[in-house]
2 protein chains.
Amino acid sequence: MPTIRDVAKKAGVSISTASYALNNQTNVHPDTKQKILAIAKELNYYPNGSARNLKTKRTGNIGVFVYGFAGPIFSDVLEGIRQTLQANNLNIIVSSGKASSNLLKERQVDGAIVFDGQLTDEVLIHYASQGHPLFVLDRNLVGNNIYSSVIDNEGLVYRFIKEMIQKGYDDFAFLSGPTIAFNNNHRYDGFKQALQEHRLSHTYIQGDFTIQSGYQAGLLLLKQDKRPRFVFCANDESAIGLIEALKQGGVKIPEDVAVAGFDNIVLDEYITPKLTTIGIDHMEWGKRVANALMDIINDHIPKDIQEPIGKIIYRESC
Amino acid sequence: MPTIRDVAKKAGVSISTASYALNNQTNVHPDTKQKILAIAKELNYYPNGSARNLKTKRTGNIGVFVYGFAGPIFSDVLEGIRQTLQANNLNIIVSSGKASSNLLKERQVDGAIVFDGQLTDEVLIHYASQGHPLFVLDRNLVGNNIYSSVIDNEGLVYRFIKEMIQKGYDDFAFLSGPTIAFNNNHRYDGFKQALQEHRLSHTYIQGDFTIQSGYQAGLLLLKQDKRPRFVFCANDESAIGLIEALKQGGVKIPEDVAVAGFDNIVLDEYITPKLTTIGIDHMEWGKRVANALMDIINDHIPKDIQEPIGKIIYRESC
DNA sequence: TTGTAGGCGTTATCAG
DNA sequence: CTGATAACGCCTACAA
């Protein structure tokens, strides 16, 4: 493992000159510079990250922290973030679980984008309070150096349900996700608001965002003699489970029961009937967030953060 | 940002004593230790990762490098790896693109698991040659400290096609992925081998692993007056595209044309007909690989690496 | 244009 | 049991 020392020695220059050359400083003679670079390449020299980070107090890494790797939604956001960071010469580091808080506490990242409800407010606030910019997605958190980008869950669902009411539906049910989920509650709020304006009541079914829970909800409905005409599901996965169960029970969708979800996951287009849903352009969202983070890092001026773009995607299920 | 200095000063002890206490050494009096820990907590002290890494020559991070974040297959592998690493007190760092080689070159990770054909052999070999353990998945690479875990693509496809021949099929086509893909070629080898043993010929269709390319292939088949009785697709996504096109053209699956794929992605169970495929237990694979890496890191004895478990999953498409 | 030297925050060796 | 002190590898005033 060659160090800058070895490079300098072999080039017959001092360590500092080597450092200047390797860091593309102007104050070094072209000839010496070229010689140093050639030798660095020959020795396969790369600076030790830990040493550089310690000295410069920056790592060149941006942490992206997710709840788990299994979810289908994050991948596009990550890809959008990755592309933007790479264009700005920053490394993306995606992590999850205990590793996330370690990286944060030990300052192995210069900034962070958080998509993980498990990370405690305390850890996040402490990290940001040291001067590191922090972005929280789909979560409420205020503090110094903390920025957030939140999907307008409430507004989107509200608009959608209003349209469905215009279309003639008047007997709704809400298939809920876990009640501790930020998303879920806002979606429910929008749902209720729309109905309330038309003095419509609704049925509430508890689920937990999984396909399985949707399936269970479907079985539940099958047992009832009277079923809602429209089930709005807090996310697509539960909607898919619900449809699966209803279909097996001989219920026609959307003729007997109409269904819609939220998230626009890939699966939506491949089930029968294709699922109507509300979708976010995740890749674009990732890019916007990463760009906002870049702005903050580069000139410390928090530009106004644009909301992610959401839209209703009409397909066959309602 | 408090340093160990601050903790020591406030506790009225030397830096070294503080370090001992914080690192759970035995040679420090319980009372002083407790005091130091209390003050560390009070000051919200956490060691600077860069400094510690520089000194100890380890980072506690394991890099997992993927080709991109968009793919549907990796997530379970990642989750398996994550769980195992977390149980061993190591941080998982997932990265992609240029960031991956940076992290490798600058030695910001103690070991790596590589699932990214874009990372050059050169970078990988150089990294491993410095004494870092490296795992490559689904790729051929030999060298010091390099281990690999490869799916038996060839054997699995071979077994599957043999069974299909037993079942009576005798008119096959192969829908290929990109010919530079390691996976694809081995799958094709197994396919050819099985047919050859029965002196059967086959049709070859070029694709690139995407749903779109499968769809194109389907359109192509629709134009032909004579169609193969069985299309084996190099992966599930192309199979799904193929099925979509054939269905739209009025072809019945599996009655007119039988189809199968490889990977067992989530989508398979939600399309009509459900896709027969060959699947790997990805979560289990991730765990095995991570465990093998742990063994290597802990006692430097390369245990025999178990192959990932693959099996044929019969559903409706053939 | 190049070299000297100090220090980033830790850990770890060696004395006390 | 505790305390000086020397590294780890690099960057960067400042001096030459």
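A note on names: the letters A, B, ... follow the listed sequences, proteins ahead of strands, and every chain is numbered from 1.
Here C:dT1 presents its P atom at 14 Å from CG of A:N24, a figure rounded to the nearest Å. Rounded to whole Å, the distance from CD1 on A:I4 to C1' on C:dT2 is 14 Å. Distance CG (A:N53) to P (C:dC8): 16 Å, rounded to an integer number of Å. Between the CG atom of B:L54 and the P atom of D:dC11 there is a distance of 12 Å, rounded to whole Å. Following rounding to the nearest Å, B:N27 (CG) and C:dC14 (C1') show an atom-to-atom distance of 13 Å. In this structure, the CG atom of B:L43 is 15 Å from the P atom of C:dG9, given to the nearest Å. Computed from coordinates, the B:I15 CD1 to D:dA7 P distance equals 17 Å when rounded to whole Å. Rounded to whole Å, the distance from CE on A:M1 to C1' on D:dC10 is 15 Å.
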Below 3.5 Å between N/O atoms, which protein atoms pair up with nucleotides 13-16 of chain D? Just atom names and distances, please.
from   : atom 1 : to    : atom 2 : distance (Å)
D:dA13 : N6     : A:Y20 : OH     : 3.0

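A heavy-atom distance below 4.5 Å is found between the side chains of A:R139 and A:D121. Here the side chains of B:F65 and B:F115 are not in contact, with every heavy-atom distance at 4.5 Å or above. Residues B:L90 and B:R58 are in side-chain contact: their nearest non-hydrogen atoms beyond the backbone lie under 4.5 Å apart.
For D:dC11, one of the phosphate oxygens OP1 or OP2 lies less than 4.0 angstrom from a side-chain nitrogen or oxygen of A:S19. Considering only side-chain N and O atoms, B:Y46 lies nowhere under 4.0 angstrom from the phosphate OP1 or OP2 of C:dT10. The side chain of A:T17 places no N or O atom within less than 4.0 Å of a non-bridging phosphate oxygen (OP1 or OP2) of C:dT2.
Between B:D76 and B:K287 there is no salt bridge, since no side-chain nitrogen of the basic residue lies less than 4.0 Å from a carboxylate oxygen of the acidic one. Comment: A:R288 does not engage A:E307 in a salt bridge, judged by the lack of any side-chain N to carboxylate O separation of less than 4.0 angstrom.
In the set C:dG3, C:dG9, D:dT2, the nucleotide with an atom closest to the side chain of A:K57 is C:dG9. Nearest to the side chain of A:H29, among C:dT1, D:dC10, C:dG9, sits C:dT1. The side chain of B:R52 lies closest to C:dT11, out of C:dG9, C:dT11, D:dC11. Out of D:dG9, D:dT2, C:dT10, the shortest distance to the side chain of B:T32 is found at D:dT2. Nearest nucleotide to the A:T3 side chain, out of D:dG3, D:dC10, C:dT10: D:dC10.
For the helix from C:dT1-D:dA16 to C:dG16-D:dC1, the angle separating the two terminal helix axes comes to 40°, with each axis derived from five pairs and the value rounded to 10°.
A:N23 comes within 4.0 angstrom of the backbone, heavy atoms only, and of no base. Within the nucleic acid shown, A:N48 comes within 4.0 Å of sugar-phosphate atoms alone, with no base atom in reach, counting heavy atoms only.
At a cut-off of 3.5 angstrom, the base of C:dT11 holds at least one donor-acceptor pair with the side chain of B:K55.
No donor-acceptor distance shorter than 3.5 angstrom exists from the side chain of A:Q108 to the backbone of A:T59, with no hydrogens or angles considered.
Other residues, nucleotides and ligands contribute only 12 or fewer heavy atoms inside 6.0 Å of the CD atom of B:Q34. Crowding of B:F182 atom CZ: a count of heavy atoms from other residues, nucleotides or ligands under 6.0 Å exceeding 12.
When each of B:A18 and A:P47 is assigned the nucleotide of DNA chain D bearing its nearest heavy atom, the one mapping closer to the 5' terminus is B:A18.
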Point to revise | Chi angles and distances behind the side-chain hydrogen bond (donor to acceptor under 3.5 Å, both in side chains) call for A:S19, A:S16 | key: CA-CA 5 Å; A:S19 176; A:S16 53; over 6 Å; no
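Qualifying salt bridge (Lys or Arg N to Asp or Glu O under 4.0 Å) partners for A:D6, counting only residues two or more places apart in sequence or in other chains: none.
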